[in-house]
Amino acid sequence: MKLKLNISPCPNDTFMFDAIVNGRIDTAPFDIEVEYLDIEQLNARVLSGDAQISKISCAVYPSIADRYVVLDSGSALGRGNGPLLVSAGDVDVANPNLRVAVPGLHTTANALMNRLFPHITHKSPMLFSKIADAVARGEFDAGVLIHEGRFTYENRGLRLVADLGVEWERTTGLPLPLGAIVASRELPPEMISRFEELLRESIAYAFAHPTASRIYIKEHAQEMADDVIDSHIALFVNDYSLSLGEEGRRALHELTR
């Protein structure tokens, strides 16, 4: 039974899906075809309805809830893991004319900017891995970093302006829901249920064998350093990834209300 899976090439996704993609667990009855896309490309696919199972930004879910269901497993959600607003020099976040690069208009990062800094409207979407260098070159006053970029921005001479996750937690008291895995409602319920079982098993395998996926992760990662990869996984893959639970679902509702 063929099944199309769309995920990002980032270490948290490849770590969680390694056992499924690389045959470390029995994925019957599925023959799974994987495509790796940037998070905004993933969002675009689900917005167009052209995806069966996919990673998404949590912020996009209200726009697709009639066509997709959030899986209980596979989310990137937690505390202290939010996007970072950085700059090359001193900036005043009260300035409405700031030029800010964001990793896509449908991303959770942009949703947090809208919520926390609604007066900043000069935002330009660009590939997440290009933002830090663009800010360092002075093309933007500031940029919002996600994925590996949040661990390496100081190496580019950038400074932290605001931790959007900290601001979220301060105002809501909830963990920050960044990304989730969704399944098309056109799939039979038993298929969705079986895939969810496989995903939970794959994540449990990853936790039990943390080095098994390293070669696979490095085939797709933006940053090759083991310490960066380890930090990335530790920050974004946790108990909420195994199961959103009640608190995780409350956090998702708060972000998307």
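Nothing fancy with the numbering, it's 1 onward along the sequence.
Thr256 contributes no side-chain N or O that, together with a main-chain N or O of Ala59, makes up a donor-acceptor pair within less than 3.5 Å. Remark: the backbone N or O of Ile217 is not paired with any side-chain donor or acceptor of Thr14 at under 3.5 angstrom. The backbone N or O of Leu127 sits nowhere less than 3.5 Å from a side-chain atom of Glu40 that would complete a donor-acceptor pair. When atom types are taken as modelled, the side chain of Arg67 and the backbone of Leu47 share a donor-acceptor pair closer than 3.5 angstrom. At least one donor-acceptor pair under 3.5 Å links the side chain of Ser73 to the backbone N or O of Leu242. With Ser202 contributing its side chain and Met16 its backbone, the two residues share a donor-acceptor pair below 3.5 Å. Glu196 places a side-chain N or O within donor-acceptor distance of the main-chain N or O of Asp72, the cut-off being under 3.5 Å.
Here the closest heavy-atom approach between residue Gly143 and residue Ile131 is recorded as CA-CG2, 3.8 Å. Across Lys55 and Asp13, no two heavy atoms sit closer than the pair NZ-OD1, 2.9 Å.
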Assess the residue pair Glu247 and Arg79 against the criterion (salt bridge (charged side-chain N to carboxylate O under 4.0 Å, His left out)); give the C-alpha distance rounded to whole Å, side-chain angles, the decisive distance to 0.1 Å, and a yes or no. CA-CA 12 Å; Glu247 185 177 52; Arg79 298 182 183 275; 3.3 Å; yes
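Enclosure of atom CD in Glu246 is not indicated, since only 12 or fewer non-hydrogen atoms of other residues, nucleotides or ligands lie within 6.0 angstrom. The environment of CD in Glu219 is crowded: more than 12 heavy-atom neighbours from other residues, nucleotides or ligands sit within 6.0 Å. The local environment of NE2 in His253 is sparse, with at most 12 non-hydrogen atoms from other residues, nucleotides or ligands closer than 6.0 Å. The neighbour count for Asp239 CG, taken as heavy atoms of other residues, nucleotides or ligands under 6.0 Å away, does not exceed 12. Residue Lys218 qualifies as enclosed at atom NZ: its count of foreign heavy atoms under 6.0 Å is above 12.
Between Phe15 and His232, every side-chain heavy-atom pair lies at or beyond the 4.5 Å cut-off. Side-chain contact between Thr108 and Pro83 is absent, with no heavy-atom pair separated by less than 4.5 Å.
Among Val34, Ile181, Leu198, Ile32, the one residue that satisfies the side chain to side chain contact (heavy atoms under 4.5 Å, CB included) test with Phe17 is Ile181. When each of Asn43, Asn110, Thr107 is tested with Ser57 by the rule side chain to side chain donor-acceptor pair (under 3.5 Å), just one qualifies, namely Asn43.
Tyr61 and Ile7 fall into different hydrophobic clusters, defined by Ile, Leu, Val, Met, Phe, Trp and Tyr side-chain heavy atoms under 4.5 Å apart, directly or through other members. Criterion: ILVMFWY side-chain heavy atoms under 4.5 Å apart, direct or through other members. Under it, Leu160 and Leu145 are part of a common hydrophobic cluster. Under the 4.5 Å side-chain heavy-atom criterion for Ile, Leu, Val, Met, Phe, Trp and Tyr, Leu164 and Phe128 are members of distinct hydrophobic clusters.
Among residues at least two apart or in separate chains, side-chain hydrogen bond (donor to acceptor under 3.5 Å, both in side chains) pairs with a member in residues 128-140 are Asp133-Arg156, Arg137-Glu139. Sorted by first and then second residue, the pairs that involve residues 176-217 and meet ring-ring contact (aromatic ring centres under 6.0 Å, His included), not counting sequence neighbours, are Tyr205-His209, Tyr216-His220.
Between Arg200 and Glu197 no salt bridge is recorded (no basic side-chain N to carboxylate O distance below 4.0 Å). Ion pairing between a basic and an acidic side chain is recognised when a charged N comes within 4.0 Å of a carboxylate O; Glu167 and Arg170 show such pairing. With respect to the salt-bridge test (charged N to carboxylate O, under 4.0 angstrom), the residues Arg185 and Asp66 do not qualify.
Rounding to the nearest 0.5 Å places CG of Asp18 at 12.0 Å from CD1 of Ile203.
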